[in-house]
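In what follows, a structure is listed as structure tokens, so that the remarks can point back to it.
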Amino acid sequence: VQLQASGGGLVQPGGFLRLSCAASGFILDDYVIGWFRQAPGKESEGVSCISASDGSTYYADSVKGRFTISTDNAKNTVYLQMNSLKPEDTAVYYCAAVQGPYYGLLGIFPSYEYDYWGQGTLVTVSS
């Protein structure tokens with residue numbers, strides 16, 4: 001069972017990146033996938049999550065309107081499209097999965113609820 005996060009990199013403010021979280025060893029259909037981030041010296045922050053069961057999503061206020069989470073169940077992969085990036089988005093981004101199914105997400109599951117974690121991918125927003 002593995003989650004593989006990728007797509008991080010260096011981007012200028014206002015730019016964009018797309019992160020991927022590929023699952024292997026299990027099927028995402030009955031899971032909720034969350035994205036978390038941790039900046040240097042700061043606590044981990046839940047960014048967004050999606051139910052692969054019904055496609056419902058939830059976003060932290062800090063990224064609402066700029067980030068979009070989506071799932072491709074055929075590829076067993078979740079994406080995080082990040083637009084209008086700001087320096088404060090700089091962090092290591094992690095994806096995680098918790099088994100459901102869950103429908104109609106109303107929030108981001110706390111980190112201790114997740115069953116599997118990816119290794120993290122670094123996003124740096126700087127000019």
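Judged by distance alone, with hydrogens and angles left aside, the side-chain atoms of Tyr59 form a donor-acceptor pair with the main-chain N or O of Ile69 at under 3.5 Å.
With values rounded to the nearest 0.5 angstrom, Thr77 atom OG1 is found 7.0 Å from Leu28 atom CG. Of the inter-residue distances, the one linking Ser51 atom OG with Tyr103 atom OH reads 7.0 Å to the nearest 0.5 angstrom. To the nearest 0.5 Å, the span separating OG on Ser20 from NZ on Lys75 amounts to 9.0 Å.
Applying the ring-ring contact (aromatic ring centres under 6.0 Å, His included) test to Phe67 and every residue at least two apart in sequence or in another chain returns nothing. Residues that satisfy the side-chain contact (heavy atoms from CB on, under 4.5 Å) test with Leu106, not counting sequence neighbours, are absent from this structure. With sequence neighbours excluded, the residues satisfying ring-ring contact (aromatic ring centres under 6.0 Å, His included) with Phe26 are Tyr31, Tyr116. Lys42 pairs by the side chain to side chain donor-acceptor pair (under 3.5 Å) definition with nothing, not counting sequence neighbours. Not counting sequence neighbours, the partners of Asn83 by the side chain to side chain donor-acceptor pair (under 3.5 Å) test are Gln81. Shown here are the side chain to side chain donor-acceptor pair (under 3.5 Å) partners of Ser56, two or more places apart in sequence or in another chain: Asp54.
With contacts defined as side-chain heavy-atom distances shorter than 4.5 Å, the pair Ser62/Glu45 qualifies.
Phe36 and Leu19 are assigned to two separate hydrophobic clusters, defined by single-linkage of ILVMFWY side chains at heavy-atom distances under 4.5 Å. Hydrophobic cluster membership differs between Val47 and Val32, with clusters built from Ile, Leu, Val, Met, Phe, Trp and Tyr side chains linked at under 4.5 angstrom. Hydrophobic clustering (ILVMFWY, side-chain heavy atoms < 4.5 Å, transitive): Phe109 and Ile50 are in distinct clusters. Taken together through direct or relayed side-chain contacts under 4.5 Å among Ile, Leu, Val, Met, Phe, Trp and Tyr, Trp117 and Ile108 form part of one hydrophobic cluster.
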Atom pairs and distances, side-chain donor-acceptor, residues 119-127, under 3.5 Å, sequence neighbours left out:
{"from": "Gln119", "atom 1": "OE1", "to": "Ala5", "atom 2": "N", "distance (Å)": "3.2"}
{"from": "Gln119", "atom 1": "NE2", "to": "Ala5", "atom 2": "O", "distance (Å)": "2.7"}
{"from": "Thr121", "atom 1": "OG1", "to": "Gly8", "atom 2": "N", "distance (Å)": "3.0"}

Please set out all donor-acceptor pairs under 3.5 angstrom arising from side-chain atoms of residues 93-101, sequence neighbours excluded.
{"from": "Tyr93", "atom 1": "OH", "to": "Arg37", "atom 2": "NH1", "distance (Å)": "2.9"}
{"from": "Tyr93", "atom 1": "OH", "to": "Asp89", "atom 2": "O", "distance (Å)": "2.6"}

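If you chain together ILVMFWY residues whose side-chain heavy atoms come under 4.5 Å of each other, Tyr79 ends up in a group of its own. The hydrophobic cluster containing Leu10, built from Ile/Leu/Val/Met/Phe/Trp/Tyr side-chain heavy atoms closer than 4.5 Å, comprises no other residue. Grouped by direct or indirect side-chain proximity (heavy atoms under 4.5 Å, Ile/Leu/Val/Met/Phe/Trp/Tyr only), Tyr112 sits alone. Listed by chain and number, the hydrophobic cluster partners of Phe16 come to none, as no ILVMFWY side chain reaches under 4.5 Å of it.
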After noting the C-alpha distance and the side-chain angles of Leu85 and Leu17, does the key distance pass the side-chain contact (heavy atoms from CB on, under 4.5 Å) rule? CA-CA 8 Å; Leu85 283 163; Leu17 284 173; 4.2 Å; yes
Could you walk me through whether Ile33 and Cys49 pass the side-chain contact (heavy atoms from CB on, under 4.5 Å) check? CA-CA 5 Å; Ile33 307 301; Cys49 61; over 6 Å; no
Given side-chain contact (heavy atoms from CB on, under 4.5 Å), test Trp35 with Cys21 step by step and report yes or no. CA-CA 9 Å; Trp35 284 98; Cys21 177; 3.5 Å; yes
Should Thr57 and Leu105 be marked as a side-chain contact (heavy atoms from CB on, under 4.5 Å) after you check the CA-CA gap, both sets of side-chain angles, and the distance that decides it? CA-CA 6 Å; Thr57 60; Leu105 296 179; 5.9 Å; no
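Between Val1 and Gly25, the shortest heavy-atom contact is CG2-O, 3.9 Å.
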